[in-house]
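For ligands, and for the atoms within them, numbers begin at 1 and follow the listed sequence.
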Amino acid sequence: MSSSKHLLINSIHHEKVDRTPIWIMRQAGRYLPEYIKTKNKAGGFMGLIRNPELACEVTLQPLKRYPLDSAILFSDILVVADMFNMNLRFEDKKGPVFDKPLRSETDFNNLPSELDLSKLSYVNETIKNIKTELNDSLPLIGFIGSPWTVATYLIEGNSTKKFTYIKNMMRENSNLLDKILDMITRGSIHYVNEQISQGVDAFMIFDTWGGLLSKKDYYNYSLKYIEKIISSKNRHDIPIIYYSRSNTNFESLKNMGIDCVGISSDNNLGDIYNLFDQKIALQGNLNTEVLKQENSIIKKEINKTLKSFPNDTGHIFNLGSGITPDIHPDKVAFLIDQVNEISSK
Ligand code: CP3
(Lines give C-alpha, C1' and ligand atoms only; values in the text may rest on other atoms or scores of the structure.)
Protein backbone atom coordinates (compact mmCIF):
# COMPACT_ATOMS: atom_id res chain seq x y z
CA MET A 1 0.00 0.00 0.00
CA SER A 2 1.50 3.34 -0.96
CA SER A 3 1.79 5.89 1.80
CA SER A 4 -0.79 8.70 1.96
CA LYS A 5 0.08 12.32 2.71
CA HIS A 6 -2.35 12.15 5.62
CA LEU A 7 -1.25 10.99 9.07
CA LEU A 8 -4.73 9.66 9.86
CA ILE A 9 -4.86 7.43 6.78
CA ASN A 10 -1.30 6.20 7.31
CA SER A 11 -2.05 5.25 10.90
CA ILE A 12 -5.19 3.35 9.85
CA HIS A 13 -3.01 1.40 7.40
CA HIS A 14 -0.37 0.71 10.06
CA GLU A 15 2.24 2.70 8.19
CA LYS A 16 4.99 4.40 10.16
CA VAL A 17 3.78 7.69 11.75
CA ASP A 18 5.72 10.22 13.82
CA ARG A 19 2.86 10.83 16.29
CA THR A 20 -0.70 9.69 17.03
CA PRO A 21 -3.30 11.47 14.88
CA ILE A 22 -6.33 12.95 16.65
CA TRP A 23 -9.80 14.15 15.79
CA ILE A 24 -12.91 14.42 17.96
CA MET A 25 -16.37 12.98 17.41
CA ARG A 26 -18.81 15.92 17.10
CA GLN A 27 -15.85 18.28 16.84
CA ALA A 28 -18.11 20.79 15.09
CA GLY A 29 -20.81 21.24 17.68
CA ARG A 30 -22.52 23.06 20.48
CA TYR A 31 -19.46 23.50 22.74
CA LEU A 32 -18.18 26.03 20.17
CA PRO A 33 -19.78 29.51 20.35
CA GLU A 34 -19.13 30.04 16.62
CA TYR A 35 -21.15 26.87 15.89
CA ILE A 36 -24.15 28.17 17.86
CA LYS A 37 -23.94 31.43 15.94
CA THR A 38 -23.93 29.75 12.53
CA LYS A 39 -26.68 27.35 13.59
CA ASN A 40 -28.89 30.26 14.62
CA LYS A 41 -28.18 31.99 11.33
CA ALA A 42 -29.32 28.80 9.53
CA GLY A 43 -32.51 28.65 11.61
CA GLY A 44 -31.62 25.44 13.45
CA PHE A 45 -29.80 22.13 13.03
CA MET A 46 -31.74 20.85 10.00
CA GLY A 47 -31.43 24.22 8.27
CA LEU A 48 -27.71 24.04 8.91
CA ILE A 49 -27.11 20.57 7.48
CA ARG A 50 -29.27 21.33 4.45
CA ASN A 51 -27.27 24.47 3.63
CA PRO A 52 -24.04 23.44 1.79
CA GLU A 53 -22.28 26.78 2.44
CA LEU A 54 -23.03 26.90 6.16
CA ALA A 55 -22.50 23.15 6.67
CA CYS A 56 -19.07 23.60 5.09
CA GLU A 57 -18.41 26.59 7.32
CA VAL A 58 -19.13 24.67 10.55
CA THR A 59 -17.14 21.64 9.32
CA LEU A 60 -14.11 23.93 9.14
CA GLN A 61 -14.69 25.80 12.44
CA PRO A 62 -12.86 23.33 14.74
CA LEU A 63 -9.98 23.12 12.22
CA LYS A 64 -9.48 26.88 12.49
CA ARG A 65 -9.14 26.63 16.25
CA TYR A 66 -7.18 23.41 16.68
CA PRO A 67 -4.43 21.42 14.93
CA LEU A 68 -6.73 18.45 14.28
CA ASP A 69 -5.76 15.66 11.89
CA SER A 70 -9.07 15.29 10.08
CA ALA A 71 -12.27 17.00 9.09
CA ILE A 72 -15.59 15.16 9.35
CA LEU A 73 -18.54 16.01 7.15
CA PHE A 74 -21.10 18.03 9.08
CA SER A 75 -24.40 16.23 8.68
CA ASP A 76 -26.32 13.53 10.54
CA ILE A 77 -26.78 9.78 10.15
CA LEU A 78 -30.57 10.24 9.96
CA VAL A 79 -30.68 12.36 6.77
CA VAL A 80 -30.80 9.08 4.83
CA ALA A 81 -34.53 9.13 5.74
CA ASP A 82 -34.95 11.88 3.13
CA MET A 83 -34.70 9.14 0.51
CA PHE A 84 -37.76 7.39 1.96
CA ASN A 85 -39.60 10.68 2.26
CA MET A 86 -39.72 10.39 6.06
CA ASN A 87 -39.64 13.82 7.60
CA LEU A 88 -36.83 14.28 10.13
CA ARG A 89 -36.93 17.13 12.59
CA PHE A 90 -34.93 17.96 15.70
CA GLU A 91 -36.39 19.22 18.95
CA ASP A 92 -34.24 21.03 21.51
CA LYS A 93 -33.53 18.66 24.40
CA LYS A 94 -35.35 15.77 22.71
CA GLY A 95 -33.16 15.26 19.64
CA PRO A 96 -34.38 13.63 16.41
CA VAL A 97 -38.11 13.07 15.86
CA PHE A 98 -40.01 11.23 13.11
CA ASP A 99 -43.70 12.06 13.40
CA LYS A 100 -44.73 8.98 11.40
CA PRO A 101 -42.49 6.17 12.66
CA LEU A 102 -42.43 2.78 10.92
CA ARG A 103 -44.24 0.38 13.19
CA SER A 104 -46.46 -1.72 10.93
CA GLU A 105 -46.71 -3.20 7.43
CA THR A 106 -49.12 -0.37 6.62
CA ASP A 107 -46.59 2.28 7.69
CA PHE A 108 -43.99 0.57 5.51
CA ASN A 109 -46.32 0.19 2.53
CA ASN A 110 -47.17 3.88 2.72
CA LEU A 111 -43.58 4.81 1.88
CA PRO A 112 -42.75 5.62 -1.75
CA SER A 113 -42.02 2.37 -3.66
CA GLU A 114 -38.88 3.84 -5.25
CA LEU A 115 -36.08 5.46 -3.24
CA ASP A 116 -35.55 9.08 -4.23
CA LEU A 117 -31.79 9.04 -4.65
CA SER A 118 -31.61 12.69 -5.64
CA LYS A 119 -32.85 13.88 -2.25
CA LEU A 120 -29.40 13.99 -0.67
CA SER A 121 -27.74 16.13 -3.34
CA TYR A 122 -27.21 18.88 -0.74
CA VAL A 123 -24.72 16.57 1.00
CA ASN A 124 -22.77 16.23 -2.26
CA GLU A 125 -22.63 20.02 -2.50
CA THR A 126 -21.38 20.27 1.09
CA ILE A 127 -18.62 17.71 0.44
CA LYS A 128 -17.60 19.54 -2.74
CA ASN A 129 -17.30 22.81 -0.80
CA ILE A 130 -15.30 21.20 2.02
CA LYS A 131 -12.91 19.44 -0.37
CA THR A 132 -12.27 22.72 -2.19
CA GLU A 133 -11.55 24.55 1.07
CA LEU A 134 -9.33 21.80 2.49
CA ASN A 135 -7.42 21.52 -0.76
CA ASP A 136 -6.09 18.16 0.48
CA SER A 137 -4.39 19.73 3.53
CA LEU A 138 -6.37 17.30 5.71
CA PRO A 139 -8.45 14.21 5.00
CA LEU A 140 -12.26 14.37 5.10
CA ILE A 141 -14.23 11.63 6.83
CA GLY A 142 -17.65 10.85 5.36
CA PHE A 143 -20.17 8.70 7.21
CA ILE A 144 -23.44 6.83 7.40
CA GLY A 145 -25.37 5.20 10.22
CA SER A 146 -25.60 1.43 10.14
CA PRO A 147 -28.99 0.24 8.88
CA TRP A 148 -29.71 -1.18 12.35
CA THR A 149 -28.91 2.06 14.16
CA VAL A 150 -30.89 4.16 11.65
CA ALA A 151 -33.79 1.68 11.96
CA THR A 152 -33.95 2.19 15.73
CA TYR A 153 -34.81 5.86 15.11
CA LEU A 154 -37.18 5.21 12.17
CA ILE A 155 -39.10 2.66 14.24
CA GLU A 156 -39.01 4.28 17.69
CA GLY A 157 -39.67 7.73 16.18
CA ASN A 158 -37.24 9.43 18.60
CA SER A 159 -34.26 8.73 20.81
CA THR A 160 -36.08 7.13 23.75
CA LYS A 161 -33.27 4.62 24.37
CA LYS A 162 -35.92 2.12 25.47
CA PHE A 163 -36.09 0.49 22.04
CA THR A 164 -39.53 -0.95 22.84
CA TYR A 165 -40.90 -0.97 19.30
CA ILE A 166 -37.87 -2.33 17.47
CA LYS A 167 -37.41 -5.12 20.03
CA ASN A 168 -41.07 -5.96 19.67
CA MET A 169 -40.74 -6.06 15.90
CA MET A 170 -37.74 -8.38 16.19
CA ARG A 171 -39.86 -10.84 18.15
CA GLU A 172 -43.17 -10.50 16.39
CA ASN A 173 -42.50 -9.44 12.81
CA SER A 174 -38.85 -9.92 11.95
CA ASN A 175 -39.87 -10.11 8.30
CA LEU A 176 -40.95 -6.46 8.41
CA LEU A 177 -37.76 -5.50 10.21
CA ASP A 178 -35.75 -7.24 7.46
CA LYS A 179 -37.64 -5.26 4.83
CA ILE A 180 -36.92 -1.99 6.64
CA LEU A 181 -33.22 -2.87 7.06
CA ASP A 182 -33.06 -3.83 3.42
CA MET A 183 -34.53 -0.51 2.32
CA ILE A 184 -32.06 1.46 4.48
CA THR A 185 -29.22 -0.67 3.10
CA ARG A 186 -30.18 0.09 -0.50
CA GLY A 187 -30.33 3.81 0.24
CA SER A 188 -27.05 3.68 2.15
CA ILE A 189 -25.16 1.91 -0.64
CA HIS A 190 -26.10 4.69 -3.02
CA TYR A 191 -25.33 7.35 -0.42
CA VAL A 192 -21.90 5.89 0.44
CA ASN A 193 -20.90 5.78 -3.20
CA GLU A 194 -22.06 9.37 -3.74
CA GLN A 195 -19.90 10.53 -0.83
CA ILE A 196 -16.95 8.55 -2.16
CA SER A 197 -17.32 9.99 -5.63
CA GLN A 198 -17.31 13.50 -4.12
CA GLY A 199 -13.93 12.68 -2.60
CA VAL A 200 -14.22 11.62 1.07
CA ASP A 201 -10.89 10.13 2.19
CA ALA A 202 -12.19 7.75 4.85
CA PHE A 203 -15.58 6.46 5.75
CA MET A 204 -17.16 5.95 9.14
CA ILE A 205 -20.08 3.65 9.90
CA PHE A 206 -21.88 4.60 13.12
CA ASP A 207 -23.45 1.46 14.53
CA THR A 208 -24.09 3.23 17.82
CA TRP A 209 -26.76 0.77 18.99
CA GLY A 210 -25.19 -2.43 17.60
CA GLY A 211 -24.10 -3.20 21.15
CA LEU A 212 -27.72 -3.79 22.15
CA LEU A 213 -27.80 -7.04 20.21
CA SER A 214 -26.85 -10.57 21.24
CA LYS A 215 -24.07 -12.18 19.21
CA LYS A 216 -26.42 -13.93 16.79
CA ASP A 217 -28.76 -10.98 16.41
CA TYR A 218 -25.77 -8.66 15.96
CA TYR A 219 -24.88 -10.51 12.77
CA ASN A 220 -28.44 -11.00 11.52
CA TYR A 221 -29.72 -7.47 12.15
CA SER A 222 -26.62 -5.35 11.88
CA LEU A 223 -23.37 -6.80 10.52
CA LYS A 224 -25.02 -8.67 7.65
CA TYR A 225 -26.28 -5.38 6.22
CA ILE A 226 -23.00 -3.59 6.88
CA GLU A 227 -21.23 -6.36 4.94
CA LYS A 228 -23.52 -5.66 2.00
CA ILE A 229 -22.67 -1.97 2.12
CA ILE A 230 -18.93 -2.61 2.39
CA SER A 231 -18.92 -5.05 -0.52
CA SER A 232 -20.91 -2.59 -2.69
CA LYS A 233 -18.45 0.25 -2.24
CA ASN A 234 -17.10 1.51 -5.55
CA ARG A 235 -13.65 2.12 -4.14
CA HIS A 236 -11.99 -0.42 -1.90
CA ASP A 237 -9.05 1.80 -1.00
CA ILE A 238 -11.17 4.19 1.11
CA PRO A 239 -10.64 2.98 4.69
CA ILE A 240 -13.63 2.15 6.86
CA ILE A 241 -13.92 3.09 10.52
CA TYR A 242 -16.64 1.26 12.44
CA TYR A 243 -18.05 2.56 15.73
CA SER A 244 -20.53 1.18 18.23
CA ARG A 245 -21.19 1.97 21.88
CA SER A 246 -21.07 -0.66 24.66
CA ASN A 247 -20.02 -3.43 22.31
CA THR A 248 -19.16 -6.84 23.71
CA ASN A 249 -18.96 -8.79 20.44
CA PHE A 250 -15.77 -7.45 18.92
CA GLU A 251 -14.71 -10.87 17.53
CA SER A 252 -17.63 -10.64 15.08
CA LEU A 253 -15.91 -7.66 13.42
CA LYS A 254 -12.77 -9.57 12.45
CA ASN A 255 -13.40 -10.49 8.82
CA MET A 256 -15.74 -7.72 7.75
CA GLY A 257 -13.29 -5.63 5.72
CA ILE A 258 -13.25 -2.98 8.46
CA ASP A 259 -9.93 -1.10 8.71
CA CYS A 260 -10.38 0.65 12.05
CA VAL A 261 -12.73 0.17 15.01
CA GLY A 262 -13.86 3.05 17.24
CA ILE A 263 -13.88 2.02 20.89
CA SER A 264 -15.96 3.60 23.65
CA SER A 265 -14.41 4.41 27.04
CA ASP A 266 -15.54 1.24 28.78
CA ASN A 267 -13.07 -0.93 26.83
CA ASN A 268 -9.28 -1.10 26.97
CA LEU A 269 -7.55 -0.30 23.66
CA GLY A 270 -4.81 -2.92 24.15
CA ASP A 271 -7.27 -5.72 24.96
CA ILE A 272 -9.33 -5.09 21.84
CA TYR A 273 -6.24 -4.58 19.65
CA ASN A 274 -4.88 -7.95 20.74
CA LEU A 275 -8.25 -9.55 20.14
CA PHE A 276 -7.85 -8.34 16.54
CA ASP A 277 -4.31 -9.82 16.46
CA GLN A 278 -3.09 -6.20 16.09
CA LYS A 279 -4.38 -6.22 12.51
CA ILE A 280 -7.23 -3.71 12.78
CA ALA A 281 -6.47 -0.11 13.77
CA LEU A 282 -8.33 1.41 16.71
CA GLN A 283 -9.86 4.80 17.35
CA GLY A 284 -10.57 6.20 20.80
CA ASN A 285 -11.17 6.23 23.69
CA LEU A 286 -10.77 8.97 26.31
CA ASN A 287 -13.90 9.43 28.41
CA THR A 288 -15.49 12.80 27.53
CA GLU A 289 -16.14 13.42 31.25
CA VAL A 290 -12.36 13.64 31.79
CA LEU A 291 -12.42 16.98 29.94
CA LYS A 292 -14.35 18.47 32.88
CA GLN A 293 -11.39 17.86 35.19
CA GLU A 294 -8.35 20.02 35.83
CA ASN A 295 -5.46 19.83 33.36
CA SER A 296 -3.20 17.64 35.51
CA ILE A 297 -5.87 14.93 35.61
CA ILE A 298 -6.60 15.30 31.90
CA LYS A 299 -2.90 14.85 31.19
CA LYS A 300 -2.73 11.72 33.34
CA GLU A 301 -5.72 10.19 31.56
CA ILE A 302 -4.30 11.03 28.11
CA ASN A 303 -1.09 9.26 29.11
CA LYS A 304 -3.08 6.24 30.26
CA THR A 305 -5.03 6.08 27.00
CA LEU A 306 -1.88 6.39 24.86
CA LYS A 307 -0.07 3.75 26.93
CA SER A 308 -2.99 1.32 26.70
CA PHE A 309 -2.30 1.01 22.96
CA PRO A 310 0.69 -1.29 22.39
CA ASN A 311 1.94 -0.12 18.97
CA ASP A 312 3.51 3.04 17.45
CA THR A 313 1.01 3.09 14.63
CA GLY A 314 -2.58 1.91 14.17
CA HIS A 315 -4.08 4.25 16.79
CA ILE A 316 -6.24 7.30 16.14
CA PHE A 317 -6.83 9.29 19.28
CA ASN A 318 -10.45 10.29 19.91
CA LEU A 319 -13.02 10.43 22.69
CA GLY A 320 -15.04 7.31 23.49
CA SER A 321 -18.24 9.14 22.46
CA GLY A 322 -19.16 12.52 20.96
CA ILE A 323 -18.08 15.70 22.73
CA THR A 324 -20.90 17.29 24.75
CA PRO A 325 -21.98 20.96 24.92
CA ASP A 326 -20.71 21.29 28.53
CA ILE A 327 -17.01 21.01 27.58
CA HIS A 328 -14.95 24.22 27.52
CA PRO A 329 -13.18 24.82 24.18
CA ASP A 330 -9.89 25.45 26.07
CA LYS A 331 -9.97 21.87 27.35
CA VAL A 332 -10.09 20.62 23.77
CA ALA A 333 -7.07 22.79 22.92
CA PHE A 334 -5.21 21.29 25.89
CA LEU A 335 -6.19 17.74 24.90
CA ILE A 336 -4.97 18.08 21.32
CA ASP A 337 -1.78 19.77 22.39
CA GLN A 338 -0.96 17.08 24.91
CA VAL A 339 -1.71 14.19 22.55
CA ASN A 340 0.55 15.78 19.94
CA GLU A 341 3.33 16.35 22.44
CA ILE A 342 3.22 13.10 24.37
CA SER A 343 2.83 10.85 21.32
CA SER A 344 5.72 12.54 19.42
CA LYS A 345 8.24 11.46 22.04
O1 CP3 B 1 -18.92 14.06 14.39
C2 CP3 B 1 -19.26 15.06 13.73
O3 CP3 B 1 -18.91 16.22 14.05
C4 CP3 B 1 -20.01 14.88 12.44
C5 CP3 B 1 -21.42 15.18 12.46
C6 CP3 B 1 -22.34 14.20 13.15
C7 CP3 B 1 -23.48 14.60 13.89
N8 CP3 B 1 -24.16 13.49 14.26
C9 CP3 B 1 -23.87 15.99 14.14
C10 CP3 B 1 -24.87 16.27 15.18
C11 CP3 B 1 -22.30 12.83 13.18
C12 CP3 B 1 -21.26 11.87 12.61
C13 CP3 B 1 -23.47 12.38 13.87
C14 CP3 B 1 -23.78 10.95 14.07
C15 CP3 B 1 -25.00 10.58 14.77
N16 CP3 B 1 -26.21 11.21 14.76
C17 CP3 B 1 -25.14 9.42 15.56
C18 CP3 B 1 -24.06 8.36 15.77
C19 CP3 B 1 -22.99 8.81 16.70
C20 CP3 B 1 -23.40 8.89 18.14
O21 CP3 B 1 -23.50 10.00 18.65
O22 CP3 B 1 -23.57 7.83 18.73
C23 CP3 B 1 -26.44 9.38 16.05
C24 CP3 B 1 -27.04 8.33 16.95
C25 CP3 B 1 -27.12 10.52 15.53
C26 CP3 B 1 -28.54 10.94 15.72
C27 CP3 B 1 -28.59 12.18 16.53
N28 CP3 B 1 -28.19 13.42 16.08
C29 CP3 B 1 -29.04 12.31 17.85
C30 CP3 B 1 -29.56 11.18 18.72
C31 CP3 B 1 -28.92 13.65 18.20
C32 CP3 B 1 -29.36 14.28 19.48
C33 CP3 B 1 -28.37 14.08 20.55
C34 CP3 B 1 -27.48 15.26 20.65
O35 CP3 B 1 -26.25 15.08 20.76
O36 CP3 B 1 -28.01 16.37 20.64
C37 CP3 B 1 -28.34 14.33 17.09
C38 CP3 B 1 -28.02 15.77 17.02
C39 CP3 B 1 -26.71 16.19 16.45
N40 CP3 B 1 -26.00 15.55 15.46
C41 CP3 B 1 -26.00 17.36 16.82
C42 CP3 B 1 -24.86 17.43 16.03
C43 CP3 B 1 -23.81 18.50 16.02
C44 CP3 B 1 -26.47 18.39 17.83
C45 CP3 B 1 -27.56 19.17 17.20
C46 CP3 B 1 -27.59 20.63 17.55
O47 CP3 B 1 -26.61 21.35 17.34
O48 CP3 B 1 -28.65 21.08 17.99
Side-chain angles (χ1 to χ4, degrees), residues 22-51 54-63 65-66 68 70-81 88-98 123 126-127 130 140-163 166 184 188 191-192 195 200 202-212 222 241-247 262-265 283-285 288 316 318-327 332:
I22 177 169
W23 69 278
I24 291 165
M25 287 194 279
R26 300 265 169 110
Q27 62 192 21
R30 289 161 293 185
Y31 72 106
L32 294 177
E34 61 270 35
Y35 168 83
I36 305 277
K37 217 169 143 191
T38 312
K39 182 170 109 173
N40 289 339
K41 190 161 117 191
F45 180 64
M46 288 311 296
L48 184 53
I49 56 185
R50 293 209 161 112
N51 181 321
L54 297 181
C56 170
E57 185 183 309
V58 292
T59 300
L60 302 174
Q61 282 171 349
L63 309 176
R65 270 184 185 253
Y66 313 119
L68 287 154
S70 189
I72 179 161
L73 167 69
F74 188 82
S75 183
D76 196 86
I77 62 169
L78 299 178
V79 298
V80 73
L88 168 64
R89 55 188 184 85
F90 275 80
E91 279 180 21
D92 266 351
K93 296 197 170 72
K94 205 165 167 204
V97 178
F98 291 103
V123 182
T126 301
I127 297 175
I130 300 168
L140 173 64
I141 301 171
F143 66 87
I144 54 163
S146 75
W148 164 258
T149 292
V150 171
T152 63
Y153 293 94
L154 298 187
I155 293 167
E156 299 300 320
N158 54 48
S159 47
T160 60
K161 305 211 168 103
K162 288 197 193 122
F163 306 103
I166 195 165
I184 304 169
S188 302
Y191 188 38
V192 164
Q195 292 187 41
V200 299
F203 209 86
M204 192 145 162
I205 299 174
F206 286 93
D207 193 16
T208 303
W209 304 119
L212 289 178
S222 186
I241 310 170
Y242 169 92
Y243 172 85
S244 70
R245 242 185 256 177
S246 319
N247 201 345
I263 305 285
S264 62
S265 313
Q283 176 173 282
N285 69 342
T288 308
I316 315 232
N318 207 314
L319 301 176
S321 54
I323 191 165
T324 46
D326 50 4
I327 302 300
V332 178

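Of the protein's non-hydrogen atoms, Phe143 CZ, 3.7 Å is the one closest to atom 11 (C) of ligand 1. The protein non-hydrogen atom at the shortest distance from atom 38 (C) of ligand 1 is Phe90 CE2, 3.3 Å. The protein heavy atom nearest to atom 36 (O) of ligand 1 is Arg30 NH2, 2.9 Å. For atom 39 (C) of ligand 1, the closest non-hydrogen atom of the protein is Phe45 CZ, 3.6 Å. The shortest contact between atom 12 (C) of ligand 1 and any protein heavy atom is with Phe206 CE1, 3.3 Å.
Numbered from 1 in the order shown, with element, the atoms of ligand 1 that lie under 4.0 Å from a heavy atom of Ile72 read 1 (O), 2 (C), 3 (O), 4 (C). Heavy-atom proximity to Gln27, at under 4.0 Å, picks out these atoms of ligand 1: 3 (O). Distances below 4.0 Å separate heavy atoms of Tyr35 from the following atoms of ligand 1: 43 (C), 46 (C), 47 (O). Applying the 4.0 Å criterion to heavy atoms of Ile77 picks out, from ligand 1, the atoms 14 (C), 15 (C), 16 (N), 17 (C), 23 (C), 24 (C), 25 (C). Annotation for ligand 1: atoms under 4.0 Å from non-hydrogen atoms of Thr208 are 18 (C), 19 (C), 20 (C), 22 (O).
Under the 4.5 Å side-chain criterion, counting only non-hydrogen atoms from C-beta, Glu34 is not in contact with Glu57.
Between Phe143 and Phe206, the ring planes lie perpendicular to each other; the angle is over 60°, past the 30° to 60° tilted range.
Counting heavy atoms under 4.0 Å from ligand 1, residue Leu73 touches it through the backbone alone. Contact annotation: for Arg26 versus ligand 1, heavy atoms closer than 4.0 Å belong to both the backbone and the side chain. In Ser75, the part holding a heavy atom less than 4.0 Å from any atom of ligand 1 is the backbone.
When Pro96, Gly95, Ser321, Ser264 are checked for heavy-atom proximity to atom 30 (C) of ligand 1, Pro96 turns out nearest. Among Ile141, Ile144, Ile323, Asp76, the residue whose heavy atom sits closest to atom 26 (C) of ligand 1 is Asp76. Nearest to atom 24 (C) of ligand 1 by heavy-atom distance, out of Tyr243, Phe74, Tyr153, Trp23, is Tyr153.
In this structure, Ser264 contributes its side chain and Asn285 its backbone to no donor-acceptor pair below 3.5 Å. Between the side chain of Glu91 and the main chain of Val97, no donor-acceptor pair closer than 3.5 Å is present. Not a single donor-acceptor pair under 3.5 Å links the side chain of Ser246 to the backbone N or O of Gly211. Distance alone, capped at 3.5 Å, places no donor-acceptor pair between the Trp209 side chain and the Trp148 backbone. Listed for the Glu156 side chain is no donor-acceptor partner under 3.5 Å among the backbone atoms of Lys161. Listed for the Asn318 side chain is a donor-acceptor partner under 3.5 Å among the backbone atoms of Met25.
Between Ser321 and Tyr243, the closest heavy-atom pair is CA-OH, 3.7 Å. Shown here for Leu140 and Leu73, the closest heavy-atom pair between the two residues is CD1-N, 3.5 Å.
Annotation: Lys39 places an N or O atom under 3.5 Å from an N or O atom of ligand 1; distance criterion only. Residue Trp209 has no nitrogen or oxygen atom sitting less than 3.5 Å from a nitrogen or oxygen atom of ligand 1, judged on distance alone.
Not a single heavy atom of Met204 sits closer than 4.0 Å to an atom of ligand 1.
With sequence neighbours excluded, the residues that form a side chain to side chain donor-acceptor pair (under 3.5 Å) with Ser222 are Asp207.
The ring of Tyr35 has its center no closer than 6.0 angstrom to the ring center of Phe45.
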